[in-house]
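Every chain is numbered from 1, with letters handed out A, B, ... down the list of sequences. Computed from a predicted model, the values in this text were never measured in an experiment. Just so you know, these numbers use all the heavy atoms, side chains as well, and skip hydrogens, waters and symmetry mates.
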2 protein chains.
Amino acid sequence: MTLYKEYDRLLVAVDCIIFGFHGDKLKLLLIKRDFEPEKGKWSLMGGFAKREESLDDAANRILTSLTGLKDVFLEQLYCFNSVDRDPVERTISVTYYSLINIEDHDEELIKQNDASWFDLGDTPNLIFDHNEMVERAHQRLKYKAEHYPVGFELLPPKFTMPELQSLYEAIFETEMDKRNFIKRIGSLDILVKLDEKKRTSGKKGAFLYQFDPEKYQQQLKTGNKFQVKP
Amino acid sequence: MTLYKEYDRLLVAVDCIIFGFHGDKLKLLLIKRDFEPEKGKWSLMGGFAKREESLDDAANRILTSLTGLKDVFLEQLYCFNSVDRDPVERTISVTYYSLINIEDHDEELIKQNDASWFDLGDTPNLIFDHNEMVERAHQRLKYKAEHYPVGFELLPPKFTMPELQSLYEAIFETEMDKRNFIKRIGSLDILVKLDEKKRTSGKKGAFLYQFDPEKYQQQLKTGNKFQVKP
DNA sequence: GCAAAAGTGTTGCCACTACACCCATGG
DNA sequence: CCATGGGTGTAGTGGCAACACTTTTGC
């Protein structure tokens, strides 16, 4: 009973676009590839799908192997499928993008994998079609951040308004007025203002806030849509 | 030199969600599956990817084999990847959704393939995870139609305002005010009003319009974004 | 005491919604 | 002549952008 016998089987790669945020800049985690072809060049972190594992699981495995993190934001992006995208053998690549709090990653694993963080927009040239993957991931992030509260995945649990604003400015590649920004975010009613202040080497401290998933659920039930305009 | 030797190769299916529009209703083109497993059940049109062909090409091949159409709107949707989604063998499915003018399809091919059109929202139960694929395609269509001028792909080259409006109402599953609708579409300045009228068995004829891709390009250059609010 | 960053309100405009009547035609 | 569907304008409102000064604190 060999149904499907006559069809081709293909190599399936899973590549991860890993975003972080630090010091007003969106960051990308890249590795120096340690196997042929293109050994030594910069590349996204990736691996091959296994027969007995879903691609979602594979993406999580790959992400964890580089960052040590589990249960972080990870979403399928696109399947890159040109015939000649990998010179060795026909391989399709299903990409996933991840948003992580950059403070959480495991330094040791990063070193072991010859990885490092780059400013998005100041990335080295990447192998194969990985530049295109990054571009598409950024487009998706813009859309996603505009319509869903995913920005907080890139920040520590407690953050200040100026931090949140410069995150959105980095994602959307624009500047915003801080009064209007606070009004907009405030009107969403999904944050909790804490009594603590954060003093960033800096003069006057800024109040800390937390994202409250329950408040967000409440807003959804009420029919209010999350939206942050670029 | 057998790089990548130790990795698994997987079956890669390509499934197409084919949308049409007729008589105020969004339609879906489905086939009665003619091979095991699940032979005789309703299913999306699909096939297997070939080693020497991109998935985009495969999707086009599959679409053409059922509809006779080439060069129509066809966009990758999502890669469905659960381990057990196909009971016969581990198979991932890369889905594509297509928007076609329902008048253009080839009746003969439809018959040969045991296919027929269903109202979206009145579809039979589909095999495997195909119901989920349809749901995701509809979500994507809502987004796409809101932000890009893809609605016209579902209409004949010449169409009336009431037709266009009921298309958007079908996609968004809402009702709209016709005066506001015309104002919104008009302000986009991407249509050409023709001197002809279309008399639909009906009393007073309605003016015909055409989508003008050049005007749309012009608008993009001017920085005006296409947007039709649900 | 001064430099650097945080915080705070008001006004004007534009875009969107709501809404009701007349017109043309075929039967 | 009447039923059906196509076409048209206005007024009110709410949300968004533009905009500048005061406060706190570390040095």
Whether A:K144 engages the ring of A:Y148 as a cation-pi pair (distance to the six-membered ring centre under 6.0 angstrom, angle to the ring normal within 45°) should be assessed. yes
Side chain B:N81, main chain A:D56, donor-acceptor under 3.5 Å: yes
How would you summarise protein contacts on nucleotides 8-13 of chain C per nucleotide, using B for base, S for sugar-phosphate only and - for none, with heavy-atom distances below 4.0 Å? BBB---
Between D:dG6 (P) and B:I185 (CD1): distance, integer Å: 16 Å
Rounding to a whole Å, what distance do you find between A:L188:CG and D:dG15:P? 12 Å
Between A:R184 and B:F207, just flag the one whose closest nucleotide in DNA chain D comes earlier from the 5' side. B:F207
Nucleotide nearest A:K204 when distance is taken to its side chain, options D:dC16, C:dA6, D:dG7: C:dA6
Roughly how many Å is it from NZ in A:K197 to C1' in C:dA5, rounded to a whole number? 11 Å
Under the 3.5 Å rule, do the base of D:dT24 and the side chain of A:K203 count as making a donor-acceptor pair? no
For B:E163, enumerate each residue passing the side-chain contact (heavy atoms from CB on, under 4.5 Å) test, keeping only those at least two apart in sequence or located in another chain. B:F159, B:T160, B:K198
Roughly how bent is the helix from C:dG1-D:dC27 to C:dG27-D:dC1 end to end, in steps of 10 degrees, with each end axis from five pairs? 0°
Starting at CE of A:M161 and ending at P of D:dT23, how long is that distance when rounded to a whole Å? 22 Å
Listed by chain and number, what are the side-chain contact (heavy atoms from CB on, under 4.5 Å) partners of B:R33, not counting sequence neighbours? A:Y4, B:F35, B:P37, B:E38, B:S43, B:I127, B:F128
Give a yes or no on whether the backbone of A:G121 and the side-chain of A:D119 come within a donor-acceptor separation of less than 3.5 Å. no
Looking at A:F21 versus A:F19, is the centre-to-centre ring distance below 6.0 Å? no
Whole angstrom is fine here: how far is it from CZ in B:F181 over to P in D:dG9? 18 Å
Begin with the C-alpha distance, continue with both residues' side-chain angles, and end with the deciding distance and a verdict on ring pair (Phe, Tyr, Trp, His ring centres under 6.0 Å) for A:Y78 and B:Y78. CA-CA 7 Å; A:Y78 193 73; B:Y78 192 73; over 10 Å; no
Let me know the distance between CE of A:M176 and P of D:dC16, rounded to the nearest Å. 13 Å
What pairs with A:K193 under salt bridge (charged side-chain N to carboxylate O under 4.0 Å, His left out), at least two apart in sequence or on another chain? none
Taken in chain and number order and not counting sequence neighbours, the residues that satisfy side chain to side chain donor-acceptor pair (under 3.5 Å) with A:D114 are none
How close or far is atom C1' of D:dC16 from atom NZ of B:K229, stated in whole angstroms? 12 Å
Round to the nearest Å and state the distance from B:E196 atom CD to D:dG6 atom C1'. 17 Å
